Amino acid sequence: MTLHPEDQPWQPKSFAFTEANLAQAHKIIKRYPEGRQQSAVMPILDIVQRQEGWVSLAAMNLVGEMLDMAPMRVYEVATFYTMFHLKPVGKVHVQVCTNVPCQLRGSDDVVHACKKELGIGIGETTADGKFSLAEVECLGACVNAPVIWIGDDFYEDLDAGSTVKMIEAFKRGETPKAGSQTGRQTSAPAGGPTTLKDAGPTTLKGDA
Ligand code: FES
């Protein structure tokens with residue numbers, strides 16, 4: 001992806017943290033020893049993204065100044081990690097995993113349901129700016145494949161029907177319950193846990 005602002009008319013001229021976010025950024029910087037402040041780059045980029053929904057060039061330049069880093073070093077971090085959005089995305093950014101385990105468990109149907117329900121393709125945003133759709137690599141939750149990542153939540157064990165229901169809830173302004181959409185307990189077998197079914201002893205031998 002090019003980072004020349006002239007090729008990206010959506011780039012703002014400047015960026016400023018809110019007062020609360022600036023205070024939070026300084027608090028994070030103080031966690032690191034003198035001379036190691038650059039280690040704060042990822043959590044501070046995360047603050048930027050939570051504030052704006054994405055990470056602009058102006059924001060990366062400011063983060064570089066705050067951490068005494070060359071802007072290129074900040075760009076290198078932001079472009080390496082795909083969780084940083086380098087252009088505006090929808091308020092509800094729907095990231096569908098289509099890696100092998102999710103594909104074997106039906107992610108093609110999930111992608112199709114998202115496209116149909118949202119009326120957009122991969123990499124696109126709805127006209128009202130509310131939803132955007134992206135295809136992502138393994139989210140590390142294959143045991144509950146197929147998986148969609150929205151905000152800080154994973155929606156798991158999806159099929160076309162549950163994907164449509166989930167999107168409809170977001171359209172109504174609700175935040176549907178995250179996790180397994182089939183109701184299974186975390187990643188236990190579909191029929192329920194087969195081991196560790198009792199609560200176990202409340203005290204260990206030698207306690208008390
Ligand atoms: S392949 Fe989709 S979560 Fe791992």
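Both counts, for ligands and for their atoms, begin at 1 and track the order of listing. Predicted, not measured: the structure shown is a model, and the values here were computed from it.
Both the backbone and the side chain of C142 come within 4.0 Å of ligand 1, counting heavy atoms alone.
A141 counts as a contact of ligand 1, since one of its heavy atoms falls under 4.0 Å from the ligand.
Atoms of ligand 1 lying under 4.0 Å from at least one heavy atom of C97, given by number and element, are 1 (S), 2 (Fe), 3 (S). For ligand 1, the atoms lying closer than 4.0 Å to a non-hydrogen atom of L139 are 3 (S), 4 (Fe). In the vicinity of C102, heavy-atom distances shorter than 4.0 Å reach the ligand 1 atoms 1 (S), 2 (Fe), 3 (S).
The distance from atom 2 (Fe) of ligand 1 to the nearest N/O/S atom of C138 is not under 2.8 Å.
One finds no salt bridge joining R184 and E156 here, because no Lys/Arg side-chain nitrogen approaches an Asp/Glu carboxylate oxygen to under 4.0 Å. Classification of R73 and E76 as a salt-bridged pair holds, one side-chain N sitting under 4.0 Å from a carboxylate O. Ion pairing between D152 and R50 holds under the 4.0 Å rule for side-chain N and carboxylate O.
Using modelled atom types, no side-chain atom of W54 and backbone atom of S56 make a donor-acceptor pair closer than 3.5 Å.
In K177, the NZ atom is not crowded: 12 or fewer heavy atoms of neighbouring residues, nucleotides or ligands sit closer than 6.0 Å.
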